[in-house]
Amino acid sequence: MGLFKSKADKEFEKKRLIKKTVYDMNKQIAALEDQKKVFVQKATEAKKNGLEAQYNLAITGYKMTLTQQRRAQEMLLNFEITSQMKDMTLMTKQFLGGMSVLSKEMAKLADEKEFVQVQKQFEVAMGKAEMQAEQMEMFMESSQDSFSAAAGSGVKDGEIKEMIEQQAGMSDEFSDEAIDKEIEELKKKIESQI
């Protein structure tokens, strides 16, 4: 195998890395779900044995795991959205490249005197479009941090959230209120098992 990878090999490697990242993130979310179950078990044992400090520690661990799981799911969603945006940008870039080739071929078939000016203008426009596509790709690569910052910025829009919840037919199971409610239900469940 040569030292240099072909463009197709590089693109395949990028797609493989994206799939692996999504797989790993889903695996981490599942591991956090298992970790929550362990904390429930430990809290139950501590409560049965009258170990209040260990009970509180297990509840704290559960809450921290729930928060980590929410963040992991947010990161996964941001990654998947960004990946789709990159695919759309690549498709646009390929379209513009194909149009450039097609326009050059069409220009050869027509009278050069009439098309020289148009072709120059089109090539300038294509250069600007390619530059815009590159800028869009750089923006997409840096937007993961922006997504994370926006998700944690504390900006709340109750009407939009309510509308989305109604359309989705579910509530935000990872809101602070939902986490607190789940913790309370967990405590009641543990106490009822004693």
Side-chain angles (χ1 to χ4, degrees), residues 5 9-90 137 139-194:
K5 291 183 178 180
D9 288 341
K10 288 178 184 177
E11 195 59 37
F12 174 78
E13 187 66 24
K14 287 177 188 176
K15 287 181 180 179
R16 190 188 67 73
L17 179 60
I18 289 170
K19 285 182 180 179
K20 183 181 182 322
T21 301
V22 169
Y23 172 80
D24 289 345
M25 293 174 92
N26 276 314
K27 190 175 174 182
Q28 179 65 24
I29 290 167
L32 289 167
E33 187 64 33
D34 290 341
Q35 190 173 337
K36 283 177 11 186
K37 291 175 185 173
V38 170
F39 281 121
V40 170
Q41 179 187 2
K42 296 300 178 189
T44 303
E45 289 174 21
K47 193 70 169 176
K48 282 180 181 177
N49 294 318
L51 302 171
E52 195 64 29
Q54 286 71 23
Y55 171 78
N56 290 333
L57 183 61
I59 294 297
T60 300
Y62 183 91
K63 189 170 185 178
M64 288 171 59
T65 303
L66 194 59
T67 301
Q68 287 175 351
Q69 189 179 36
R70 177 180 63 183
R71 287 190 182 129
Q73 288 174 328
E74 288 173 355
M75 287 173 21
L76 174 61
L77 183 59
N78 289 340
F79 185 81
E80 289 172 335
I81 290 170
T82 302
S83 176
Q84 290 297 318
M85 293 171 103
K86 180 190 174 289
D87 289 346
M88 183 58 92
T89 302
L90 180 61
E137 190 164 340
F139 171 78
M140 291 300 157
E141 291 173 3
S142 69
S143 69
Q144 184 68 24
D145 291 337
S146 297
F147 283 142
S148 296
S153 67
V155 176
K156 307 243 187 272
D157 191 338
E159 287 182 29
I160 292 175
K161 184 176 176 183
E162 185 178 331
M163 180 186 70
I164 291 171
E165 288 173 358
Q166 287 174 354
Q167 288 182 2
M170 61 183 179
S171 62
D172 183 7
E173 61 181 304
F174 294 110
S175 68
D176 289 340
E177 296 83 17
I179 290 172
D180 290 341
K181 183 178 178 185
E182 187 171 341
I183 296 295
E184 287 304 315
E185 289 173 4
L186 175 65
K187 287 179 181 179
K188 288 177 186 175
K189 182 179 177 183
I190 290 169
E191 288 176 7
S192 70
Q193 292 177 1
I194 295 175

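Between Lys181 and Glu184 there is no salt bridge, since no side-chain N of the basic residue sits under 4.0 Å from a carboxylate O of the acidic one. Looking at Glu33 and Lys36, a side-chain N of the basic residue comes within less than 4.0 Å of a carboxylate O on the acidic one, giving a salt bridge.
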Listed pairs under 3.5 Å, donor-acceptor, residues 21-32 side chains, sequence neighbours left out:
from: Thr21; atom 1: OG1; to: Leu17; atom 2: O; distance (Å): 2.8
from: Asp24; atom 1: OD2; to: Lys20; atom 2: NZ; distance (Å): 2.7
from: Asn26; atom 1: ND2; to: Val22; atom 2: O; distance (Å): 3.3

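Separating the CD1 atom in Ile59 from the CD1 atom in Ile183 is a distance of 6.0 Å, to the nearest 0.5 Å. With rounding to the nearest 0.5 Å, the separation of NZ in Lys63 from OG1 in Thr60 is 8.5 Å. In this structure, Phe39 CZ and Thr44 OG1 are separated by 13.0 Å, a value rounded to the nearest 0.5 Å. Note that CD of Glu191 is 5.0 Å distant from OH of Tyr55, once rounded to the nearest 0.5 Å.
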Apply salt bridge (Lys or Arg N to Asp or Glu O under 4.0 Å) to Lys10 and Glu13, showing your working. CA-CA 5 Å; Lys10 288 178 184 177; Glu13 187 66 24; over 6 Å; no
Full working for side-chain contact (heavy atoms from CB on, under 4.5 Å) between Gln54 and Lys47: CA-CA 8 Å; Gln54 286 71 23; Lys47 193 70 169 176; over 6 Å; no
Could you go through the side-chain contact (heavy atoms from CB on, under 4.5 Å) check for Glu11 and Lys14 one step at a time? CA-CA 5 Å; Glu11 195 59 37; Lys14 287 177 188 176; 4.2 Å; yes
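Side chains of Gln69 and Leu66 form a contact here, defined as non-hydrogen atoms less than 4.5 Å apart.
Scored by the salt bridge (charged side-chain N to carboxylate O under 4.0 Å, His left out) test, Glu80 finds no partners at all (sequence neighbours excluded). For Ile18, the side chain to side chain contact (heavy atoms under 4.5 Å, CB included) partners at least two apart in sequence or on another chain are Phe79, Ser83.
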